[in-house]
There are 2 protein chains.
Amino acid sequence: MLGIGRLAAETGTKVPTIRYYEEIGLLPEPERTSGNQRRYAAAQVDRLRFIRHCRELGFPLNDIRALLDLSDNPGRSCDSADSIARHQLVEVERRLASLASLRQELSRMIENCAGGTVADCRVIETLADHANCISDRHGHQGPVTQVPGDQAPPP
Amino acid sequence: MLGIGRLAAETGTKVPTIRYYEEIGLLPEPERTSGNQRRYAAAQVDRLRFIRHCRELGFPLNDIRALLDLSDNPGRSCDSADSIARHQLVEVERRLASLASLRQELSRMIENCAGGTVADCRVIETLADHANCISDRHGHQGPVTQVPGDQAPPP
DNA sequence: GATAGGATCTCCAGTAACTAGAGCTTCAAG
DNA sequence: CTTGAAGCTCTAGTTACTGGAGATCCTATC
């Protein structure tokens, strides 16, 4: 029976994140001490590790919910686990491709910058001129690829 | 002088997004008709295209703000534009690397799945067992790579 | 000039996946 | 029994949008 801090340390998760997972129902409500503090059993450690591993693989929480549901019912067919994983692989490959072309444009842009002032900066110019863009000219609609939680690693 | 809908169509942006950019100060407040509707001049079309192109390249809005600031002052040195772009390139390469190892684990996982029930599903098992994980065993802290706005393309 | 329709307005709320802080209480070691 | 770390709840903020309600406006047709 460990406290939330120990659980956090064991699984490489932040404490508020654990409470958040509980709040959204990914982790069951644990036992509490008489003083209302959470105490976790071994099964919860495993469950949280499962969740974290899935997150590292880029699965959204909703998929993880489905995956947990499956692993809670070992008698069921694993087809849907398989298809979730396959879908995720497709996603990952899509992102890989788009990042690769993105890298190409970025590095081409940077190579061409000779310093000097903004007036003749290739970076700004390239950015302003969509015609130089490799990536999907032919109308890609929908949201732009982004990685928001991923800017500054903590100290 | 075009309305917000035309601007949206010309730049491949959604109407609420344009209003959002205005709200956060990326786009200046445009002229209005007597009936309070926005009317945009050509310069704004270019500016929005610049923003969108940057977004496609994965720049966060704050960087775009800095980039726009530079392109508004062509006399300044382009060093900071260059360093923003370089930083972005580093980010992109980091994400590429992590996605690549992620893909490897996913496809290995899927390959090993022989169908059947969850009880002997390699996917679930692999997910549950972090030991099979290639990626950073040695404590990577910080948020997990994610692509939130990027799940379901609009109809 | 009236009217019908689509476009636009503002405001509010919600999304994903957390993260941070305030102000208080509890636990465990000495 | 004290003290300091760890925990509690609650609220609000982050990023980059997206969606809807309910009202108003613009323009084309009759």
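So that the names make sense, note that chain A is the first sequence line, chain B the second, and so on, each numbered from 1. As the structure is a prediction and not an experimental result, all values here were calculated from the model.
With rounding to whole Å, B:Asp63 atom CG is found 12 Å from D:dT15 atom P. Computed from coordinates, the A:Glu31 CD to D:dG7 P distance equals 16 Å when rounded to whole Å. Computed from coordinates, the B:Tyr40 OH to C:dC9 C1' distance equals 12 Å when rounded to whole Å. In this structure, A:Ile4 atom CD1 and C:dT26 atom P are separated by 17 Å, rounded to whole Å. Atom-to-atom, CG of A:Leu2 to P of C:dC27 comes out at 16 Å; the value is rounded to the nearest Å. With rounding to whole Å, A:Arg6 atom CZ is found 10 Å from D:dG7 atom P.
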List, one per line, each side-chain donor-acceptor pair under 3.5 Å for residues 76-85 of chain A, sequence neighbours excluded.
{"from": "A:Arg76", "atom 1": "NH2", "to": "A:Asp69", "atom 2": "OD2", "distance (Å)": "3.2"}
{"from": "A:Ser77", "atom 1": "OG", "to": "A:Asp79", "atom 2": "N", "distance (Å)": "3.0"}
{"from": "A:Ser77", "atom 1": "OG", "to": "A:Asp79", "atom 2": "OD1", "distance (Å)": "3.4"}
{"from": "A:Asp82", "atom 1": "OD2", "to": "A:Arg86", "atom 2": "NE", "distance (Å)": "2.9"}
{"from": "A:Asp82", "atom 1": "OD2", "to": "A:Arg86", "atom 2": "NH2", "distance (Å)": "3.3"}
{"from": "A:Ser83", "atom 1": "OG", "to": "A:Ser80", "atom 2": "O", "distance (Å)": "3.4"}

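The shortest distance between the side-chain N/O atoms of B:Tyr21 and the OP1/OP2 oxygens of D:dC17 is below 4.0 Å. Distances shown here put every side-chain N or O of A:Arg55 at or beyond 4.0 Å from the OP1 or OP2 atom of C:dA16. A sub-4.0 Å separation between OP1 or OP2 of C:dT26 and a side-chain N or O of A:Thr33 is absent. Here B:Arg38 reaches the OP1 or OP2 of C:dC9: one of its side-chain N or O atoms lies under 4.0 Å away.
Not counting sequence neighbours, the partners of B:Thr117 by the side-chain contact (heavy atoms from CB on, under 4.5 Å) test are B:Ala119, B:Asp120.
Of the candidates D:dC8, C:dC18, C:dA16, C:dC18 carries the atom nearest the A:Arg52 side chain, counting heavy atoms from C-beta on. Side chain of B:Arg32, nearest nucleotide from C:dA17, C:dC9, D:dT18: C:dC9. Of the listed nucleotides (C:dT19, D:dG7, D:dC25), D:dG7 has the atom at the smallest distance from the side chain of A:Arg19. Nearest nucleotide to the A:Asn36 side chain, out of D:dT9, D:dC17, C:dC27: D:dT9. If you check D:dC26, C:dT10, C:dA16 against the side chain of A:Asn62, the one that comes closest is C:dA16.
Put simply, CG on A:Leu61 and CG on A:Leu26 are 5.5 Å apart, with the number rounded to the nearest 0.5 Å.
No contact: A:Phe59 has no heavy atom under 4.0 Å from any strand.
B:Tyr21 and B:Arg52 are linked by a side-chain donor-acceptor pair at a separation below 3.5 angstrom, with hydrogens and angles left out of the test.
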Dump every N/O contact between nucleotides 11-13 of chain D and the protein below 3.5 Å, one line per pair.
none

